[in-house]
There are 2 protein chains.
Amino acid sequence: MKKLTSEFSKIKSIYNTGKDLKLSDFLLLIKSAKLKRFNKGDLIMEAGSHSKEVFYFNNGLARMYVIKENGDEVTVGFRRENQVIGSYDTILFERTNQVYIQALEPTTTLSIDYDTIFEIMYKSPVLMKNLYLVFADLLKTTITRLESFVLLTPEERYFDFVKNNPELVKRIHDKHLANFLGITPVSISRIKSRQTA
Amino acid sequence: MKKLTSEFSKIKSIYNTGKDLKLSDFLLLIKSAKLKRFNKGDLIMEAGSHSKEVFYFNNGLARMYVIKENGDEVTVGFRRENQVIGSYDTILFERTNQVYIQALEPTTTLSIDYDTIFEIMYKSPVLMKNLYLVFADLLKTTITRLESFVLLTPEERYFDFVKNNPELVKRIHDKHLANFLGITPVSISRIKSRQTA
DNA sequence: AAAAAAACTTAACAATTGTTAAGTGCTACA
DNA sequence: TGTAGCACTTAACAATTGTTAAGTTTTTTT
């Protein structure tokens, strides 16, 4: 029972549901929740899928990437411990998922199908409000990132990222950071050497 | 009464509320709705404001822009007839608005305070779902725009925009389009001349 | 511990963009 | 109608980035 309670509070914290989640609904969530472990390099999710699985990161780190028509991999985001990830394509756009999620460190996740979450949230305005807040927050992040592309040069974008994510920078490869910032690894190297000079 | 009914259906279409909006709530919305007219060049909203006014464009066209520290204006978006706009800063980020909205054509809007909208939506899960869908849609748009920055070169971004917004391109200045795409007006000129050559 | 693989740096060149400035053309207002 | 202002184009130059490739360092695997 102690374990259940701890899981309950974890679920609550994931979805910011406060005390508006009924125990019966919680049990429904828990019943469908899956604990998964991934090694470094493992794919957590692949393109082509229609899964609406939502992952909560207990620990670890992963990158999201897409593969362009020319075969290039482009990293489009990072997720680390205590963060949540799902496929925008399947959940929001209702189309085939195009994003790969790859563990960059040993990672454990707790996952629940989005439809299950939505079904439960949908019963209560308070829970719907919380789901809405999750999206509002995601929107914030996306707008902020977009602004960095519109307003900053590649070099400024790099320093901005390093300044705002000092701990994350240490855990990821320049290669992945580079195309997350829309530039090449070679260019990152040059930016760094220009700085020290 | 005919006028009220038409306003009612308009409000419904704005917020995709379907038939879940009660007449009493509708009256509350209508009571606070304001019709405004703007001439070309007029500011619809200014930086520094804390207003959570949400504008529906009956007709016309406007651009959103911010002013950078160095004084440069940067166009960050366009809105035209049948579209909705509000301040991300005040509504989402809960901070002072930094975005100017300027009419580029004679424009009429219908506006309602966001808190009023939320108050009414919040009563019903169905309405909350619809509000959530508005955000989901906004998120889609933002993600798509972000992808164009991450995956495309400035030149590709320009042609992509022209292809997807052929009618809008005719109504806006290259100058505004340029910094919306994160490039300079001079560069747009060159891209165009390269194409014809 | 050695070999292989991957990440990072550096260099050279081509291409694009930014910047500044001059010139052309259009629009709007007096 | 003509003048002023604004938008757009073109040109020249500097700076940055992309690309390719070679060399170095680090990490991983055998």
Side-chain angles (χ1 to χ4, degrees), chain A residues 38-43 61-63 65 67-75 78 100 102-107 148-162 168-197, chain B residues 38-43 61 63 65 68-75 78 102-106 148-162 168-197:
Chain A
F38 301 93
N39 293 317
K40 186 173 172 177
D42 286 356
L43 286 180
L61 176 67
R63 72 179 178 114
Y65 67 93
I67 296 182
K68 290 208 288 183
E69 291 152 12
N70 63 16
D72 286 357
E73 277 185 15
V74 180
T75 299
F78 301 98
Y100 294 81
Q102 182 187 44
L104 298 178
E105 297 175 359
T107 296
S148 81
F149 275 87
V150 177
L151 302 175
L152 307 179
T153 65
E155 179 168 335
E156 290 168 333
R157 209 149 59 235
Y158 171 76
F159 287 123
D160 195 58
F161 186 90
V162 171
L168 188 58
V169 168
K170 294 174 197 153
R171 295 163 70 184
I172 60 179
H173 285 150
D174 281 357
K175 182 184 159 184
H176 295 145
L177 176 56
N179 53 45
F180 176 72
L181 297 175
I183 52 186
T184 61
V186 175
S187 202
I188 286 237
S189 256
R190 281 187 295 223
I191 288 169
K192 284 197 287 187
S193 71
R194 266 202 304 268
Q195 177 69 350
T196 30
Chain B
F38 301 93
N39 293 318
K40 187 172 171 175
D42 286 356
L43 286 179
L61 176 68
R63 72 179 178 114
Y65 67 92
K68 290 207 290 184
E69 292 151 11
N70 63 16
D72 286 356
E73 278 186 14
V74 180
T75 300
F78 301 98
Q102 181 188 42
L104 298 178
E105 298 175 0
S148 82
F149 274 87
V150 177
L151 302 175
L152 306 179
T153 64
E155 179 168 336
E156 290 168 333
R157 209 150 59 235
Y158 170 76
F159 287 123
D160 196 59
F161 185 90
V162 171
L168 189 57
V169 169
K170 294 173 197 155
R171 294 164 68 184
I172 60 180
H173 285 151
D174 280 358
K175 183 184 158 186
H176 296 145
L177 175 55
N179 53 44
F180 177 71
L181 296 175
I183 52 186
T184 60
V186 175
S187 203
I188 287 239
S189 256
R190 281 188 294 224
I191 288 169
K192 285 197 287 189
S193 70
R194 265 203 304 268
Q195 177 69 350
T196 31

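All values below come from the heavy atoms of this structure, side chains included, with hydrogens, waters and symmetry mates left out. Bear in mind the structure is a predicted one, so any value in this text is a computation, not a measurement. Letters go in sequence order (proteins before strands), and every chain restarts at 1.
- Look at A:Lys192 and you'll find a side-chain N or O under 4.0 angstrom from OP1 or OP2 of C:dT9.
- With hydrogens and angles disregarded, a donor-acceptor distance shorter than 3.5 Å links the side chain of A:Thr107 to the backbone of A:Glu105.
- Here C:dT17 presents its C1' atom at 9 Å from CD1 of B:Ile191, a figure rounded to the nearest Å.
- As rounded to whole Å, 12 Å separates atom P of C:dT10 from atom CG of A:Asp174.
- For C:dT17, the OP1/OP2 oxygens have a side-chain nitrogen or oxygen of B:Arg194 closer than 4.0 Å.
- Along DNA chain C, the nucleotide nearest to B:Pro154 and the one nearest to A:Ile172 differ in position, and the one closer to the 5' end is contacted by A:Ile172.
- C:dA6 atom P lies 15 Å from atom CG of A:Leu104, rounded to whole Å.
- A:Asp174 is not listed as a side-chain neighbour of A:Pro185, based on a closest heavy-atom distance of 4.5 Å or more.
- Here A:Arg171 contributes atom CZ and A:Leu177 contributes atom CG; the two are 14.0 Å apart, rounded to the nearest 0.5 Å.
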Nucleotide-resolved protein contact map, nucleotides 19-30 of chain C, B/S/- at heavy-atom distance under 4.0 Å: BB----------

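- Using a 4.0 Å heavy-atom criterion, one finds that A:Gly182 contacts the sugar-phosphate atoms exclusively.
- Proximity of A:Ile191 to A:Phe159: side-chain heavy atoms (C-beta onward) are separated by under 4.5 Å at one or more points.
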Starting from the C-alpha separation in whole Å, work towards a yes-or-no answer on side-chain contact (heavy atoms from CB on, under 4.5 Å) for A:Lys175 and A:Glu73. CA-CA 10 Å; A:Lys175 182 184 159 184; A:Glu73 277 185 15; 5.9 Å; no

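- Looking at heavy atoms from C-beta onward, A:His176 lies in side-chain contact with A:Phe78 at the 4.5 angstrom threshold.
- Using a 4.0 Å heavy-atom cutoff across all strands shown, A:Ile188 reaches no nucleic acid atom at all.
- Summarising the geometry, the separation between CD on A:Glu156 and C1' on D:dA15 is reported as 14 Å, rounded to the nearest angstrom.
- Judged by distance alone, with hydrogens and angles left aside, the side-chain atoms of B:Gln102 form no donor-acceptor pair with the main-chain N or O of B:Arg63 at under 3.5 Å.
- The nearest whole Å value for the distance from the CG atom in B:Leu177 to the P atom in D:dT9 is 12 Å.
- Atoms NZ (B:Lys170) and P (D:dA7) sit 21 Å apart, rounded to a whole Å.
- Between B:Lys175 atom NZ and D:dG5 atom C1' there is a gap of 11 Å when expressed in whole angstrom units.
- Straight-line distance from the NZ atom of B:Lys68 to the P atom of C:dG18: 11 Å, rounded to whole Å.
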